[in-house]
Enquirer: 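Got a structure here, written out as structure tokens. Questions coming.
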Amino acid sequence: MASASIETFYAWGRKIVAIGRNYADHAKELGNAVPSRPFFFLKPTSSYLRMPGNIELPVGTEVHHEVELGVVIGETGRDLTTGKAMDHVAGYVLAIDLTARDLQAKAKKEGKPWSEAKGFDTFTPVRWVQAHDSELQLIRDPHALELYLRVDGAERQRGPTSDMLFPVPELLAHVSSVMRLERGDLLLTGTPAGVGPLAPGCLIEAGVRGLPGSSTSTSGDLAALMFRTITRPGTGAYGADRVKA
């Protein structure tokens, strides 16, 4: 999809690479060890959600919100160096990584992957922020931003991207040492502390803005997301009209 607009990455990009525990306070709030090196997992691109739309909560699960800065790959590469990694970045998105926390806890206990907990439809809401090489240069430094998330008007998460344990170039270098990063791929960079459960009917608002006094300082949000949560429809195991055996 070399000719496709990078802003439509969600329609044709091949993978979502999500970094785990990249904010120390978030790792600690869930009782996890703070990692000494980056680690990541994959999410399906079928989990993308754009406005307008509804976040579907699978029946019988406890779903948590995690607001994140996303990095969209613009140039395919492997074995990137930290010094050249940002040359492969096309732009940035505001994202929410949704997690069925009870399913994740069960998978961790049994030593299984997190695919089910992270991969439901609508579990990766995204909104484009700006191109990395934009003439506007609203984001001069991806580590000089602030993320926030509110549920029904109450603030749940707020934190600066400068709190990342591993900065974006290091994340790109690490992931690309394992797998090729391709144009249209999305790298989710981790979430600040404050994650928590959602219920059907919640209004979720999230945003990203520049930190005051930084090179990315802004008077308002660079991008914002707003979604309602609903019970997942359907007759499957996690649907509202599921057929019981």
Side-chain angles (χ1 to χ4, degrees), residues 10 16 18-32 43 47-58 61-72 91-102 104 117-118 120-130 138-139 141-164 186-214 216-232:
Y10 52 83
I16 303 170
I19 303 297
R21 305 173 197 169
N22 200 26
Y23 289 72
D25 287 346
H26 169 58
K28 293 174 182 176
E29 73 178 342
L30 295 181
N32 294 317
K43 299 188 69 171
S47 67
Y48 279 134
L49 175 67
R50 298 178 63 242
M51 296 191 299
N54 294 314
I55 292 171
E56 299 176 359
L57 304 183
T61 66
E62 182 179 289
V63 177
H64 284 204
H65 55 78
E66 302 180 15
V67 64
E68 308 204 11
L69 177 70
V71 178
V72 181
Y92 304 98
V93 302
L94 174 64
I96 304 174
D97 174 22
L98 292 155
T99 306
R101 193 69 72 196
D102 54 329
Q104 184 189 41
K118 293 282 191 175
F120 285 98
D121 294 345
T122 77
F123 265 29
T124 314
V126 292
R127 185 170 186 181
W128 183 259
V129 180
Q130 85 160 64
L138 295 176
I139 298 180
D141 180 0
H143 311 100
L145 302 170
E146 183 177 58
L147 300 166
Y148 72 84
L149 184 142
R150 296 190 292 262
V151 178
D152 292 333
E155 187 169 284
R156 293 268 191 95
Q157 292 185 268
R158 183 176 292 274
T161 55
S162 58
D163 281 353
M164 289 185 195
L186 176 65
L187 177 77
L188 298 177
T189 59
T191 190
V195 303
L198 298 166
C202 287
L203 176 65
I204 301 174
E205 300 170 281
V208 58
R209 60 184 58 181
L211 283 174
S214 74
T216 314
S217 180
T218 56
S219 58
D221 290 345
L222 294 167
L225 287 168
M226 184 169 64
F227 293 98
R228 285 280 182 186
T229 57
I230 63 170
T231 300
R232 177 184 169 99

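Because the structure is predicted, anything quoted here is derived from the model rather than measured.
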Enquirer: Check whether any side-chain heavy atom of Leu222 sits under 4.5 Å from a side-chain heavy atom of Val208, and report yes or no.
Expert: yes
Enquirer: Taking it one step at a time, do Glu205 and Leu149 satisfy side-chain contact (heavy atoms from CB on, under 4.5 Å)?
Expert: CA-CA 6 Å; Glu205 300 170 281; Leu149 184 142; over 6 Å; no
Enquirer: Run through Asp163, Thr191, Leu94, Thr189 and flag the one making a side-chain contact (heavy atoms from CB on, under 4.5 Å) with Leu147.
Expert: Leu94
Enquirer: Looking at Ser47 and Asp121, would you say the former's side chain and the latter's main chain have a donor-acceptor pair under 3.5 Å?
Expert: no
Enquirer: Of the non-hydrogen atoms in Val129 and Ala223, which two are nearest, and what is the gap between them?
Expert: CG2-CB, 3.7 Å
Enquirer: Counting only heavy atoms from other residues, nucleotides and ligands, does the tally under 6.0 Å from CE of Met226 exceed 12?
Expert: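 No, CE of Met226 has 12 or fewer neighbouring heavy atoms, counting only those of other groups under 6.0 Å.
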Enquirer: Compare every heavy atom of Tyr48 with every heavy atom of Tyr10, then report the nearest pair and how far apart it is.
Expert: O-CD1, 3.4 Å
Enquirer: Using atom types as modelled and distance alone, determine if a side-chain donor or acceptor of Thr124 lies under 3.5 Å from a backbone N or O of Asp97.
Expert: no
Enquirer: CG of Leu69 to CG of Leu145: how many Å apart, nearest 0.5 Å?
Expert: 6.0 Å
Enquirer: Between His65 and Arg156, does any side-chain donor sit less than 3.5 Å from a side-chain acceptor?
Expert: yes
Enquirer: Could I get the full list of salt bridge (charged side-chain N to carboxylate O under 4.0 Å, His left out) partners for Glu66, not counting sequence neighbours?
Expert: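 Salt bridge (charged side-chain N to carboxylate O under 4.0 Å, His left out) list for Glu66, sorted by chain: Arg101, Lys118.
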Enquirer: Go through the structure and list residues passing ring pair (Phe, Tyr, Trp, His ring centres under 6.0 Å) with Tyr23, not counting sequence neighbours.
Expert: none
Enquirer: Determine the minimum heavy-atom distance between Gly190 and Asn22, stating which atoms define it.
Expert: CA-CB, 4.2 Å
Enquirer: Taking side chain as C-beta onward, heavy atoms only, is Val67 less than 4.5 Å from Tyr148?
Expert: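 A side-chain contact is absent here, since even the closest heavy-atom pair is not under 4.5 Å.
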Enquirer: Does the pair Val71 and Leu186 meet the rule for a side-chain contact (heavy atoms from CB on, under 4.5 Å), with working shown?
Expert: CA-CA 6 Å; Val71 178; Leu186 176 65; 5.7 Å; no
Enquirer: So do Arg127 and Arg50 actually touch side chain to side chain, heavy atoms under 4.5 Å?
Expert: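 Contact flag for Arg50/Arg127 side chains = no.
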Enquirer: Quick one: pull up OG1 in Thr122 and CD in Glu56 and give me the separation to the nearest 0.5 Å.
Expert: 4.5 Å
Enquirer: How long is the gap from OG1 on Thr229 to CG on Leu203, to the nearest 0.5 Å?
Expert: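 Between atom OG1 of Thr229 and atom CG of Leu203 there are 8.5 Å.
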Enquirer: Donor-acceptor pairs under 3.5 Å, side chain of residues 194-202 to any protein atom, not counting sequence neighbours: which ones?
Expert:
none

Enquirer: I'd like to know whether Ile19 forms a side-chain contact (heavy atoms from CB on, under 4.5 Å) with Leu187, so could you lay out the CA-CA distance, the side-chain angles of the two residues, the decisive distance to 0.1 Å, and finally the verdict.
Expert: CA-CA 7 Å; Ile19 303 297; Leu187 177 77; 3.9 Å; yes
Enquirer: Taking all heavy atoms of Met51 and all of Ala224, pick out the closest pair and write down the distance.
Expert: CE-O, 3.6 Å
Enquirer: Roughly how far, to the nearest 0.5 Å, is OG1 of Thr161 from NE2 of His143?
Expert: 6.5 Å
Enquirer: Which pair of non-hydrogen atoms, one from Asp102 and one from Thr61, has the smallest distance, and what is that distance?
Expert: OD2-CA, 3.4 Å
Enquirer: Quick check for you: to the nearest 0.5 Å, what is the distance between Phe120 atom CZ and Thr99 atom OG1?
Expert: 11.0 Å
Enquirer: Atom CD1 in Ile55, atom CD1 in Ile96: separation rounded to 0.5 Å?
Expert: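 If I round to the nearest 0.5 Å, the distance is 5.0 Å.
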Enquirer: How close do Gly159 and Pro192 get, heavy atom to heavy atom, and via which atoms?
Expert: CA-CB, 4.1 Å
